[in-house]
Amino acid sequence: MEEREFKSKLRSEMTDFSFTTLKKKQISNQLKVSLIRQETKTVNSLHARIISFWHGTTEIPIYLGVAALVVLFLCAGIIVNTFAVDKTDARIMLQESVANQQIEGGDTL
Amino acid sequence: MSLATKPLIKDVTSLEESLALVHRLQNGDQEAVNDLVALYADRMLRTATLILNDYHLAEDVVQEVLIDAITHIRQFRGDASLYSWIYTILVRRCRKQGKRRYRNLLDVKSNEKLNQLPDDTPDVLEQYILKAEHHSVRKAISKLSLAHREVITLFYYEELPLERISIIANITLGTVKSRLHRARLKLKKLLSKECG
């Protein structure tokens with residue numbers, strides 16, 4: 001038997017073997033479940049990695065730590081706002097103080 | 001187009017297409033799963049049936065291999081084509097299943113006190129498994145040993161070059177050549193017997 005003939009015969013004999021449409025659908029569904037599970041696992045593993053890193057380096061619970069950081073940022077914002085200088089206010093105050101000084105100076109002369 | 005003039009079986013997708021499919025799978029595209037099954041399932045089933053000599057076992061193996069591929073799809077870096085990657089898993093899984101089944105059959109035989117196996121045990125095994133074979137070429141292939149069936153399937157059915165068979169089957173090029181040579185000689189004998 002020629003090589004080419006052998007290959008052709010083998011291929012034609014093997015065409016009998018195939019999955020049924022139902023079986024293919026079942027496999028697809030199974031694979032989709034695996035794919036979703038895999039995605040969830042990846043997300044979970046990232047979350048788990050962050051938690052383990054946090055607990056490996058500090059004894060403060062992660063949620064308490066996050067809350068403390070939020071409070072810290074809020075406080076920092078308030079402090080910055082309190083000490084922030086408004087340019088218009090500063091100009092008026094400066095002008096007033098200069099005018100006062102001039103009046104006081106005029107009185108002495 | 002007649003079978004004799006049909007082009008050789010090659011990768012079902014180009015490298016770009018296969019990488020695009022991998023990318024979609026890695027991004028969790030559910031439609032890509034349908035494409036994967038449509039592209040590879042039947043072809044893998046035929047290859048596994050030839051190697052394992054058992055359609056039902058081949059069905060299970062293909063299913064397992066596809067699940068395995070999906071589970072590890074994020075680890076696929078695109079060094080080879082998706083086809084090569086999946087077929088490497090398939091061939092290894094077939095080898096494992098084939099050996100396991102061979103051991104199980106030997107256990108059954110010894111339990112039944114029929115363990116008077118001659119030196120060429122693989123042939124006896126194939127005779128034991130395949131009684132209802134009708135197809136001449138496949139029947140002849142089924143009488144080869146697992147290692148020989150593996151290379152014959154990859155060379156003649158998948159029409160892969162020797163270098164690629166060596167990668168997929170994880171054996172040296174020399175081993176592929178020698179196995180193929182021996183398998184061919186055996187096959188020639190078997191086919192001449194078949195054809196009378």
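Numbered from 1 within each chain, the chains take letters A, B, ... in sequence-line order.
Atom CZ of A/Arg11 sits about 15.0 Å away from atom OH of B/Tyr156, to the nearest 0.5 Å. Put simply, CD on A/Glu13 and OH on B/Tyr157 are 11.0 Å apart, with the number rounded to the nearest 0.5 Å. Here OG1 of A/Thr20 is found 7.5 Å from CD of B/Glu59. Values are rounded to the nearest 0.5 Å. Distance CE/A/Met14 to OG1/B/Thr153: 8.0 Å, rounded to 0.5 Å. Atom CG of A/Leu35 sits about 12.0 Å away from atom CD1 of B/Ile67, to the nearest 0.5 Å.
Proximity to chain A among residues 166-185 of chain B is limited to B/Arg184, judged by heavy-atom separations below 4.5 angstrom.
The candidate with the highest count of non-hydrogen atom pairs below 4.5 Å against chain A, out of B/Leu50, B/Val62, B/Thr47, B/Asp29, is B/Leu50.
Counting heavy atoms from C-beta outward, A/Lys23 and B/Gln63 have side chains that approach closer than 4.5 Å. Looking only at side-chain heavy atoms (C-beta outward), A/Ser28 and B/Gln30 stay at 4.5 Å or farther from each other. Contact of the B/Ile141 side chain with the A/Phe6 side chain is registered, since non-hydrogen atoms from C-beta on lie closer than 4.5 Å. Between B/Asn34 and A/Lys32, some side-chain heavy-atom pair lies under the 4.5 Å cut-off.
Both B/Tyr55 and B/Leu52 sit in one connected hydrophobic cluster of ILVMFWY residues. Membership requires side-chain heavy atoms under 4.5 Å apart, directly or through other members.
Neither the backbone nor the side chain of A/Lys25 comes within contact range of chain B; no heavy atom of the residue lies under 4.5 Å from a heavy atom of that chain.
Taking every heavy atom of both residues into account, B/Leu36 and A/Leu31 meet most closely at CD2-CD1, 4.3 Å.
Judged purely by atom type and a 3.5 angstrom limit, B/Asp42 has no side-chain atom pairing as donor or acceptor with the backbone of A/Phe17.
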